Structure formats: structure tokens, C-alpha cells
Amino acid sequence: TGTSRPQRMLKAVQKNATKGDPQSVISAIDYYCRHKEWAMNVGDDKGLILDSVLMEVNPSTVLELGTYCGYSTVRIARLMSPGSKLITVEFNPAFAEVARQIIAYAGLQDKVTLVEGSSGDLIPKMKERFGIKYFDFVFLDHWKDSYAPDTKLLEDCGLLKKGTVLLADNVICPGAPEYLKYVRNSPRYESRYYKSNLEYTKAEDGLEKSVFLG
Ligand SMILES: O=C(NC/C=C/[C@H]1O[C@@H](n2ccc(=O)cc2)[C@H](O)[C@@H]1O)c1cc([N+](=O)[O-])cc(O)c1O
Ligand SMILES: [Mg+2]
């Protein structure tokens, strides 16, 4: 067996990006995935929306569910202020290993804590393990049927505060119908859909931004 897709993505970063330059890491991944081999990164189209929502919130604490290879981890961490913390949860050890190297190549390892395990197991441990009171920003990009249960779990664990912003990838493709129903019908959220494209394609996809009202 040869290399995996994440390993080939890492090679493309090491070959084409500049160490310590997050934007060059993002561009190298986008170029590779658009022209060589598709991969499920949030990508450059939706990435611009992620950037602008993130900058608007300017969070001190961020939770990312679904690191994969670290593309959105780098996109988010590169825009975060000094002293702010990003915790990213990854279930697959092989993906986590590649992500650690891509995050380090971008020079963002000091802002990022990558935790291996499932969101359901780790969310209840956020306070005790990482001293997190609340998350200011949550990026959901893991298993689509986990978005809704994990949002309820974040509420139950007291990890959301008035004004916390949840941003969910793929609410159209592959889709997260249960999640959309939940946040759009709950009086505890103010939701808005940002229409865009599925990464590196012309298909529609979009991000749902939901503000927790407390
Ligand atoms: O399926 C998709 N994403 C699932 C992502 C899952 C990631 O989240 C991790 N995780 C981390 C913690 C957990 O608790 C569970 C999983 C998994 O180990 C994986 O790294 C997807 C699919 C398409 N697509 O076009 O088909 C496009 C996208 O943008 C997508 O995000
Ligand atoms: Mg996604």
C-alpha cells in the first residue's frame, strides 16, 4: 500500500508552502485539492466566509469539531489574536498525525490544542481538562449526524454563552438536516445561511451561522 490522501496532502504542503507562513499552507492545499486530488477541506470559497465570520467574532476560545488534515484549523488559528486558544477534536489517529504536522508547518502549534477522540467523549471534559469556561466560536465539520447531538451536549455542559457563534459546514452537501431543523426552530438560536459552493466544485453547499441567545 502506498501513501494515503492526507499524507499526499502533507507532501504537497512541504513541497509548495513556506514554513511558518499559514497563507502559503492554505494556498498549497487548495491548489492540490482543486487540481490534483479532491479532499474534504472547507476550501477557499467557504473559507472566505469562515474567515469573515471568525474576524467578526474575534474569539478568545474556539472549538473545532473535525480537524481532518488541519486546513480549517490553520484558516481559523491564523486569524486569532495572541493569547487566544483553539481546541480541535479529531477521531482518526492517522488524520490527527497529518494535521499536527500541517499545523506545525504553518507555525500555529502554540495556538492550537489537537485532542484525539470522539466529540461525545471529549466535550464533557473540556472544562476539567482544558480549563475552558465557554467557547466563543464553534466550527462544526465532523460527522454530519453528530452536529445536532453535539450542539445539545455543548448546551448541557454549559460551554455556550450568550453570543457564542456556531458555524456549521456542509449544511447542504452532504447535508445536516437534523441540525438545521434544530437550530432554525429553537428559540435559543438566531440562524443564518451563507450560500456558497462545495469545496473545489460548482455544486451548492453553504455554512449555517447560529448565534446562541443564552
Ligand atoms: O463527510 C464529511 N466530513 C466528515 C468529517 C469527519 C472528520 O471529523 C472527524 N471526527 C472528529 C470527531 C468525532 O467525534 C467524529 C469525527 C473524522 O475523523 C474526520 O476527520 C464531508 C463530506 C463532504 N463531501 O463532499 O462528501 C464534504 C465535506 O466538507 C465534509 O466535511
Ligand atoms: Mg466539511
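Nothing here was measured: the structure is a model prediction, and the numbers come from that model. Whatever order the structure lists them in is the order used to number ligands and atoms, beginning at 1.
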Given side chains that start at C-beta, do those of Asp150 and His142 come closer than 4.5 Å, heavy atoms only?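 They are in contact (side-chain heavy atoms under 4.5 Å apart), so the answer is yes.
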Indicate yes or no: at least one non-hydrogen side-chain atom of Gln23 is less than 4.5 angstrom from one of Ser27.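 Result yes, sub-4.5 Å side-chain heavy-atom pair found.
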Report the residues that fulfil side chain to side chain donor-acceptor pair (under 3.5 Å) with Glu37, sequence neighbours left out, ordered by chain and then residue number.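 Scan of Glu37 (side chain to side chain donor-acceptor pair (under 3.5 Å), adjacent residues dropped) gives Arg8, Tyr32.
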Go through the structure and list residues passing side chain to side chain donor-acceptor pair (under 3.5 Å) with Asp121, not counting sequence neighbours.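 Ser118.
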Does a side-chain N-to-carboxylate-O contact under 4.0 Å join [X] and [Y]?
| X | Y | result |
| --- | --- | --- |
| Lys209 | Glu190 | no |
| Asp141 | Lys144 | yes |
| Glu128 | Lys125 | no |

Taking the Mg ion (ligand 2) as the centre, count the protein N/O/S atoms lying under 2.8 Å from it.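 Every protein N, O or S atom under 2.8 Å from the Mg ion (ligand 2) counted, the figure is 3.
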Measure the spacing between NZ of Lys152 and OH of Tyr179 and express it to the nearest 0.5 Å.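 Nearest 0.5 Å value for the NZ-OH distance: 11.5 Å.
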Hey, what do you get for CD (Glu56) to CG (Asn58), rounding to the nearest 0.5 Å?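 Here the interatomic distance stands at 11.0 Å.
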Which protein residues come within less than 4.0 angstrom of ligand 1, counting heavy atoms only?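 Close residues (ligand 1, cut-off 4.0 Å): Trp38, Met40, Gly66, Tyr68, Val89, Glu90, Phe91, Asn92, Phe95, Gly117, Ser118, Ser119, Asp141, His142, Trp143, Lys144, Asp169, Asn170, Pro174, Leu198, Glu199.
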